[in-house]
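Below: one structure, written as structure tokens.
All values below come from the heavy atoms of this structure, side chains included, with hydrogens, waters and symmetry mates left out. Positions are given from 1, in the same order as the sequence printed here.
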Amino acid sequence: MTAFNSFYQQIATNRLSHWLQTLPAQLHQWQSQHLHGEYKHWQKTLDALPSTQPSSIDLSDRVAAGSRDDINEGEFKRIENLLKKLKPWRKGPYHIHDLHIDTEWRSDFKWDRLKPYISDLKDRYVLDIGCGSGYHLWRMRGEGAKFVVGIDPTQLFLMQFKAIQHFIGDDKVNLLPLGVEQLPELKAFDTVFAMGVLYHRRSPIDFLYQLKSQLAKGGELVLETLIVDGDVNTVLVPGERYAKMRNVWFLPSSEAMCAWMERCGFKNVRMVNTDVTALDEQRKTEWIDTESLQDFLDPNDPGKTIEGYPAPKRGIFIANV
């Protein structure tokens with residue numbers, strides 16, 4: 001399968017080589033049976049992107065490739081029009097030849113919150129589960145990670161990642177269209193990130209074990225999830241929707257989250273940050289064309305969701321194996 005040949009070639013000679021026992025067959029099945037109806041149109045959009053020579057790549061302070069001076073006005077407009085065909089852009093922002101892809105989420109805010117607490121990523125193998133279009137993959141690489149893998153089953157996110165990869169061109173950063181349940185027990189990554197995923201899983205305990213099974217001995221888990229106030233026994237199980245999302249299952253208190261992680265065998269479990277999602281971090285932009293956080297909150301009480309639950313509050317947890 002040509003789309004992933006480069007990835008296969010790379011892992012054949014690194015610590016992920018045992019993944020080749022299952023991965024090619026999975027991705028072949030995905031390509032032959034599970035492509036989204038719009039996939040061919042998205043691929044045509046990618047194929048139409050002009051080839052450019054970015055004068056600079058910045059993955060340390062932001063995700064940026066090139067400047068406006070590297071291309072002519074026609075190329076700039078072409079890039080803008082093509083990338084807007086891949087809306088909605090959820091996670092970012094990105095800067096491509098000074099085109100600002102102003103995504104719904106300011107994912108750099110989250111990165112700034114967690115960066116002071118995580119282990120140095122230099123020379124590490126890193127896995128990001130539920131990575132969206134891959135914004136944080138680039139920031140991980142910018143921190144010196146040796147090899148970065150993201151997984152996310154949403155095919156539009158894969159195409160958005162490929163669009164950014166087209167300009168950055170770093171084959172040590174990869175995104176695979178997989179869900180966490182499709183991962184074998186690799187036990188090979190130094191750091192595993194799982195941000196904004198746990199509350200979408202029907203079984204958070206099974207999910208924690210899946211995360212643990214990806215880590216090498218001594219590795220670090222960085223988990224960010226929605227939490228609620230309360231004691232070690234407090235867990236919110238919302239009704240049909242939470243903040244208009246149908247697939248939200250378990251929102252634990254910070255103490256309950258730590259207890260779950262310890263029960264699953266994680267060591268040195270600690271919560272390092274809490275933050276109430278603000279309207280400047282998640283909002284409508286011209287790059288999404290859909291509702292955003294303001295529409296999900298009670299218009300008369302922003303401390304509650306439209307359904308009357310506590311408004312989104314997020315905790316970052318770190319642990320080791």
Side-chain angles (χ1 to χ4, degrees), residues 1-11 19-20 22-54 57 59 63-66 70-72 74-97 99-105 107 128-138 141 148-180 182-183 285-290:
M1 183 175 173
T2 56
F4 300 101
N5 277 350
S6 173
F7 184 76
Y8 298 154
Q9 291 166 5
Q10 290 185 81
I11 67 172
W19 203 356
L20 289 172
T22 57
L23 184 61
Q26 283 179 313
L27 292 179
H28 176 75
Q29 183 185 43
W30 169 81
Q31 186 188 38
S32 60
Q33 300 179 21
H34 300 293
L35 288 188
H36 192 284
E38 293 294 311
Y39 194 88
K40 289 183 178 179
H41 297 293
W42 295 333
Q43 186 62 56
K44 285 183 179 180
T45 298
L46 291 184
D47 293 342
L49 287 170
S51 295
T52 66
Q53 297 293 325
I57 302 292
L59 304 179
V63 180
D70 300 335
I71 57 177
N72 61 43
E75 289 172 317
F76 181 86
K77 287 295 185 185
R78 185 177 171 193
I79 292 169
E80 181 178 32
N81 290 336
L82 288 168
L83 294 184
K84 283 190 172 178
K85 290 184 178 181
L86 298 177
K87 291 193 293 187
W89 286 80
R90 299 292 188 194
K91 305 295 177 67
Y94 301 100
H95 302 269
I96 303 298
H97 292 293
L99 170 66
H100 178 204
I101 303 176
D102 188 15
T103 50
E104 176 187 12
W105 281 88
S107 303
D128 187 3
I129 291 174
C131 64
S133 61
Y135 174 83
H136 290 120
L137 303 180
W138 300 112
R141 179 66 166 157
V148 184
V149 181
I151 65 164
D152 199 297
T154 303
Q155 295 181 32
L156 177 60
F157 294 159
L158 173 65
M159 306 311 277
Q160 291 170 345
F161 169 81
K162 286 186 173 184
I164 303 302
Q165 176 71 284
H166 173 83
F167 296 100
I168 294 178
D170 186 340
D171 64 3
K172 301 302 182 186
V173 181
N174 294 271
L175 194 159
L176 304 176
L178 301 172
V180 65
Q182 295 172 279
L183 293 180
T285 77
E286 64 176 310
W287 288 85
I288 69 164
D289 290 345
T290 55

task: Using a cut-off of 6.0 Å, state whether more than 12 heavy atoms not belonging to Q33 lie near its atom CD.
output: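 Enclosed: over 12 neighbouring heavy atoms sit under 6.0 Å from CD of Q33.
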
Under 3.5 Å: donor-acceptor pair, side chain of [X], backbone of [Y]:
X    : Y    : answer
Q155 : H34  : yes
H166 : P50  : yes
T154 : L156 : no
Q29  : Q26  : no
D128 : G150 : no

[atom1]/[X] to [atom2]/[Y] distance, rounded to the nearest 0.5 angstrom?
X    : Y    : atom1 : atom2 : result
I71  : S51  : CD1   : OG    : 12.0 Å
W287 : D102 : CH2   : CG    : 9.0 Å
Q182 : L23  : CD    : CG    : 9.5 Å
I96  : T52  : CD1   : OG1   : 8.0 Å
L35  : Q31  : CG    : CD    : 6.0 Å
L176 : I151 : CG    : CD1   : 8.0 Å

For [X] and [Y], which heavy atoms make the closest approach, and how far apart are they?
X    : Y    : answer
Q160 : P88  : NE2-O, 2.8 Å
F4   : P177 : CZ-CD, 3.6 Å
P54  : I57  : CB-CD1, 4.1 Å
L86  : M159 : CD1-O, 4.1 Å
Y135 : P93  : CE1-O, 3.2 Å
L82  : A48  : CD1-O, 3.4 Å

For residues [X] and [Y], determine if any side-chain heavy atom of one lies less than 4.5 Å from a side-chain heavy atom of the other.
X    : Y    : answer
F161 : D152 : no
N174 : Q10  : yes
I11  : V149 : no
V173 : I168 : no

- prompt: Between the side chains of Q43 and D47, is a donor N or O closer than 3.5 angstrom to an acceptor N or O?
  reply: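 Judged by distance alone, the side chains do pair up.
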
- prompt: Taking atom types as modelled and ignoring hydrogens, do the side chains of S133 and Y94 form a donor-acceptor contact shorter than 3.5 angstrom?
  reply: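 A donor-acceptor contact under 3.5 Å links the two side chains.
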
message: Once you measure the plane-to-plane angle for W42 and Y39, does it fall in the parallel (<30°), tilted (30-60°) or perpendicular (>60°) bin?
response: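 Aromatic pair W42/Y39 classed perpendicular.
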
- request: Fit a plane to each ring of F167 and H97, take the angle between them on a 0 to 90° scale, and name the class: parallel (under 30°), tilted (30 to 60°) or perpendicular (over 60°).
  value: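 Judged by the thresholds at 30° and 60°, the geometry between F167 and H97 is perpendicular.
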
field: Pair listing, side-chain hydrogen bond (donor to acceptor under 3.5 Å, both in side chains) test, anchored in residues 82-92, at least two apart
entry: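 Of all non-adjacent pairs touching residues 82-92, those that pass side-chain hydrogen bond (donor to acceptor under 3.5 Å, both in side chains) are K84-E286, K87-D289, R90-E104, R90-T290.
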
- request: Would you please test L158 and K162 for side-chain contact (heavy atoms from CB on, under 4.5 Å) and show each step?
  value: CA-CA 6 Å; L158 173 65; K162 286 186 173 184; 4.2 Å; yes

- request: List the steps, then state whether side-chain contact (heavy atoms from CB on, under 4.5 Å) holds for Y8 with L27.
  value: CA-CA 11 Å; Y8 298 154; L27 292 179; 3.3 Å; yes

